[in-house]
Amino acid sequence: MNASRGNWSSSFGFVLAAAGSAIGLGNIWRFPYTVGQYGGGAFVLVYLAFVALIGVPVLYAELSVGRSTQRSAVGAFKELVPDTWWPAVGGLGVLCGFGILSFYAVIAGLTLSYVYMAVLGRFTGGGLTGEQSAQVFSELTSNPVATVTLTGAFLLLTAWVVRGGIQGGIERAARILMPIFFGILLLLVMRAVTLDGAGEGLRFLFAFDFSKLTAAAIVSALGQALFSMSLGMGAMITYGSYLGRDENLPKAGITVAIFDTGLAMIAGLMIFPTLAYAGAEPTGGPPLIFIVMATIFDTMPLGSFFAVAFYGLLAIAALTSTISLLEVIVAYFVDERSWSRKKAVWSVTAACFALAVPSALSLGAVDFFTQMAGGQGFLGLANIVFGNYFLSIGAVFICLFVGWKWGVSSAVAEMNRGGQLFGAPLWGVLVRFVCPVAVLIVLVYAALTNSYL
Ligand code: TRP
């Protein structure tokens with residue numbers, strides 16, 4: 001094992017960093033608006049089923065590959081099956097991370113601006129009507145200088161942390177940011193569930209109206225499960241590669257899964273009661289948490305405090321996720337190309353910024369980028385290509401690799417080094433058959449019906 005590549009100080013350090021990766025805009029931004037779009041409880045139920053039957057097995061597959069080889073997403077395959085085409089699966093993952101980071105950083109950049117506006121008190125002291133709030137949002141997103149600068153700033157922040165290495169950069173950031181994150185979240189949830197009308201919001205989250213469960217909803221629930229747990233592109237191979245050989249991998253893995261899923265639910269507990277309190281519709285789509293939430297703070301006591309806390313929470317969640325996306329790519333150049341960490345971090349960040357610019361300009365600033373791909377825009381297209389297709393394809397290959405090539409017994413032996421995988425035979429069946437088949441069906445269906453579009 002190559003000691004100079006770094007490692008987590010303990011499995012607790014790993015859990016914090018991996019939970020930081022998993023918990024992100026996917027939980028607080030994407031999950032609530034997709035639940036809103038697909039009508040609430042029934043979608044949530046399908047999502048939970050996918051997490052248990054597909055997310056957790058794939059998570060274990062990735063972590064065991066990573067820890068057993070102690071290499072990056074590409075190197076891991078090279079180590080286990082040299083001279084085959086399998087490392088290309090890792091390569092696809094690195095590319096996918098690059099693509100996701102490029103659009104994720106744009107939304108993350110917007111959160112910085114909302115923190116700033118919240119600090120200036122723009123959402124309180126008279127408040128904003130729905131229309132005014134929509135206008136604040138579109139003024140921001142159609143300003144090319146603002147969106148490009150904010151994206152660049154967020155990438156720089158990410159690069160600065162990743163530059164510090166595994167323990168000194170990524171783990172340290174997680175140790176500082178995650179407790180702050182949980183503290184703020186607790187406060188916001190307590191505020192939300194004690195608002196008038198909270199019950200109605202909760203009913204929306206938990207009411208099972210199966211008539212709303214369209215095929216598109218099911219496709220979306222699977223994409224959401226993979227995205228939210230940071231699966232399908234080798235992020236967990238990479239994070240697993242820094243985990244010590246004697247640490248309890250099954251326990252660390254399930255802890256991360258529980259944190260991530262619990263957090264999506266808690267984000268729901270925070271958002272839906274707040275929407276119900278303000279009489280706002282939960283079906284607002286992607287700008288939900290920016291446009292709708294911004295109108296709400298003025299109506300509650302200590303609103304300006306909660307506004308800063310809410311957007312700060314989003315920014316922190318996004319940062320610990322962009323860190324993991326960047327680390328996957330950096331680890332590849334460090335391990336496979338022998339670049340110094342510093343060189344890898346700055347070159348990858350610069351290249352990613354270049355790909356992020358059209359996304360940053362596609363929220364209204366430049367018509368060409370805004371309207372392309374049938375109105376999805378460049379960012380929407382990047383989200384579909386990388387965030388849906390690449391991730392699902394990657395997940396299928398990782399399952400096929402672990403289930404049929406490397407072998408379930410090798411993976412289970414790896415996981416059982418410092419712990420005990422509960423239900424190992426079941427896990428074997430899930431990675432060999434259930435996961436690849438289910439993901440493939442959803443993928444083909446989505447491609448044929450353009451459900452992602
Ligand atoms: N899981 C993160 C979120 O929910 C996003 C993310 C970070 C991610 N790293 C990833 C998604 C790797 C897919 C793959 O916001």
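In this chain, numbering begins with 1 at the start of the sequence shown. No experiment lies behind these values; they were computed from the predicted model shown. Counting starts at 1 for both ligands and their atoms, in listed order.
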Chemist: Are Phe272 and Phe206 an aromatic pair, judged by ring center distance below 6.0 Å?
Modeler: no

Chemist: Distance under 4.0 Å, heavy atoms only, partner ligand 1: which residues pass?
Modeler: Ser21, Ala22, Gly24, Leu25, Gly26, Asn27, Ile100, Tyr104, Phe227, Ser228, Ser230, Met233, Ala235, Ser321, Ser324, Leu325, Leu391

Chemist: Could you tell me if Tyr38 and Gln224 have a donor-acceptor pair between their side chains, going purely by distance under 3.5 Å?
Modeler: no

Chemist: Would you say the ring centroid of Tyr104 lies under 6.0 angstrom from that of Phe154?
Modeler: no

Chemist: Show every side chain to side chain donor-acceptor pair (under 3.5 Å) that has at least one partner inside residues 260-275, sequence neighbours left out.
Modeler: Asn27-Asp260, Ser228-Asp260

Chemist: Taking NZ, NE, NH1 and NH2 as the nitrogens, is one of them in Arg67 or Glu247 under 4.0 Å from a carboxylate oxygen of the other?
Modeler: no

Chemist: For the residue pair Thr34 / Ser220, report whether a side-chain donor-acceptor contact shorter than 3.5 Å exists.
Modeler: no

